[in-house]
There are 2 protein chains.
Amino acid sequence: MAMQAGLGRRGPAEAGRMEVLNAAATVFMERGFTATSVDDIAEVLGSTKGRIYHYYRSKADIFLDVLTLSMLDLLDRIRPIAERRDLPPDERLHAAARMHAVVMMTQSARSRVAVQGTEMHLMQEAGTKQRRVLQAFVDMRDEYEQYFADIVADGIREGIFRDVPPRLAAKPILGALNWINMWYRPRPDSDIDKIADEFATFVVNGLRPFD
Amino acid sequence: MAMQAGLGRRGPAEAGRMEVLNAAATVFMERGFTATSVDDIAEVLGSTKGRIYHYYRSKADIFLDVLTLSMLDLLDRIRPIAERRDLPPDERLHAAARMHAVVMMTQSARSRVAVQGTEMHLMQEAGTKQRRVLQAFVDMRDEYEQYFADIVADGIREGIFRDVPPRLAAKPILGALNWINMWYRPRPDSDIDKIADEFATFVVNGLRPFD
DNA sequence: GTCTATAATTTGATAGAC
DNA sequence: GTCTATCAAATTATAGAC
C-alpha cells in the first residue's frame, strides 16, 4: 500500500512521498511528462531513483498524483467563490477568473502541470488503475469548468451576458487564463495582481453585450 | 543538400519531403515532439525509417520544418487582414481572430503543431543550425503576435478599446484562440463558423470599455 | 529508506543491400 | 529512394546490499 497513485481525496500523504511529488511536479512542469526521466526527478531530489521507486510504482503514477492534487487545489479555491450568490454574476466571474490567473502565475509547479494534462493521452495504454485515476482527473476538470459555465449561465439569465452556450463560453475564458502558463515566467518586477485583474476584466467583458 | 531543416522561405520542397513532413505533423500534433518516435512517423507513412532519414537528418529537423511552415502559413493569412486600414480596429481584430480560430479548427495537423511549439525547449541542447531555425520560428511568432498588438494599439488610439499594454493584451486573445486546439476535435455536426464568430466576438468585446 | 548495480526495452540514427 | 539490419545511448523498472 501507499505505493499507488490516487492518494486523491484520502488526505495528506506522508512527508517523503510529498517530497517526491513536489520534485516531480517541478520537472514535469518544465519539460513535460515524456521528456522527464525518473533520473531527472531524482536529481532534483538530490538522491537516486531508489528513493522514488520506494514511494511510487511508476512515473505515470507520480504524474497522476500531481494532476490530482492540482485539481483538488483548484476546486477548493473555486467553490467558495461560486457560492457567493451575493455577488452579481459578472463580479463572481471576475473573482473566479482572477483567482485562476493568480494560481497560474504563483502556484509552484503543481498547479501548472494540471494545464499540461493534455499529455495524458500518452498513458492511454496504461493499466486499469491508472486509467481510473486519469478519468477521475478528467471528471474534476469538467467539474471545475462547470463552475465557470454556471456563473456564465447566471449572467445570461440576468441579462448582463450575451446569450451563448455556457459550456462553450467557458472555453475561451479558461483558454485565455490557462495560456498564461505558456508565456508567464516569474520576474521580480512583474505585477501579478495587475495582470490578473486585467485578464479577469478581459474575460468578463468578453461576455458582455455590445451596443 | 535538401537534408537539413530550414526550407523556410525558400519555396516548396520536393514531394517526398512534403509527405514525410505531413505525416510527421500528424503524429506530432497527437503526441507531441518527445512522445513521437521516428518509427511512429514511418508507420503513418506506411514505410520504414529509411525513407524518413533519406529526407531529414534528425527528428528535430522535421519538427522545426513543421513549425516553420505553420508560422509562414499564419503570417500569410494575417498580413492581408492587418493591412485593411479601411476597417475600424474592432472589425479588423474580429477578422484576425476569426481567421486564427478557423485555422485552429480546420488546418490539418501542421498549423496546430505551431501552437504546441512550447515543447521546443526540449531541443535547447541542439546544434547551432537547429537553434537558428528555432530562433527564426520564435521571431515569426513574435511578428505574428505583433500584428495583433498593433491592431489593439490602433483601437486604443481611437478610443474604442480599453487602455492596456497592447503586447500584454495580445496574450489572452491568442490564449483563448490557441486553446481551441486543446479541446476541439472535428465532428460532422460541429459548426466551425459559429464557434469562430463567437470566439472572435469574445476577444474583441474583451477589450471594449464597460461603463 | 536509500543506494548500487543491472535487466529489459525503447529509440535515434547509421550502414549497406537492393 | 527505400528497406533490412544493427549499433549506441537513454530510460523505466527491479533486485538486493546496507
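A, B, ... follow the sequence lines: proteins, then strands. Residue 1 opens every chain.
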- A/H100 ring center near A/Y144 ring center (under 6.0 Å): yes
- Answer with base, sugar-phosphate or nothing: what part of the nucleic acid does A/S37 contact at a heavy-atom distance below 4.0 Å? sugar-phosphate
Given atom [atom1] of [X] and atom [atom2] of [N], what is their separation to the nearest angstrom?
{"X": "B/I41", "N": "D/dT2", "atom1": "CD1", "atom2": "C1'", "value": "16 Å"}
{"X": "B/I52", "N": "C/dG12", "atom1": "CD1", "atom2": "P", "value": "10 Å"}
{"X": "A/R51", "N": "D/dA15", "atom1": "CZ", "atom2": "P", "value": "22 Å"}
{"X": "B/Y55", "N": "D/dC3", "atom1": "OH", "atom2": "P", "value": "11 Å"}
{"X": "B/R57", "N": "C/dA15", "atom1": "CZ", "atom2": "P", "value": "12 Å"}
{"X": "B/E43", "N": "D/dC3", "atom1": "CD", "atom2": "C1'", "value": "16 Å"}
{"X": "B/L45", "N": "D/dT2", "atom1": "CG", "atom2": "P", "value": "9 Å"}

- Note on the structure: Heavy-atom nearest nucleotide on DNA chain D taken for A/D40 and for B/G50; more 5' hit belongs to B/G50
Is the distance from OP1 or OP2 of [N] to the nearest side-chain N or O of [X] less than 4.0 Å?
{"X": "A/T48", "N": "C/dC3", "value": "yes"}
{"X": "A/Y56", "N": "D/dA13", "value": "no"}
{"X": "A/Y53", "N": "C/dC3", "value": "no"}

- Determine yes or no for a side-chain-to-main-chain donor-acceptor pair under 3.5 angstrom, with B/R98 supplying the side chain and B/A196 the backbone. no
- Verify, without hydrogens or angle tests, whether B/K171 (side chain) and A/W179 (backbone) share a donor-acceptor contact under 3.5 angstrom. no
Selection from [options] that lies nearest to any side-chain heavy atom of [X]:
{"X": "B/H54", "options": "D/dT12, D/dG1, C/dT2", "answer": "D/dG1"}
{"X": "B/K59", "options": "C/dG12, C/dT2, D/dT12", "answer": "C/dG12"}
{"X": "A/D39", "options": "D/dT12, C/dG12, D/dA13", "answer": "D/dT12"}

- Above 12 or not: heavy atoms from other molecules or residues under 6.0 Å from CD of B/E91? yes
- Could you tell me the separation between the CZ atom of B/R79 and the CG atom of B/L74, rounded to the nearest 0.5 Å? 10.5 Å
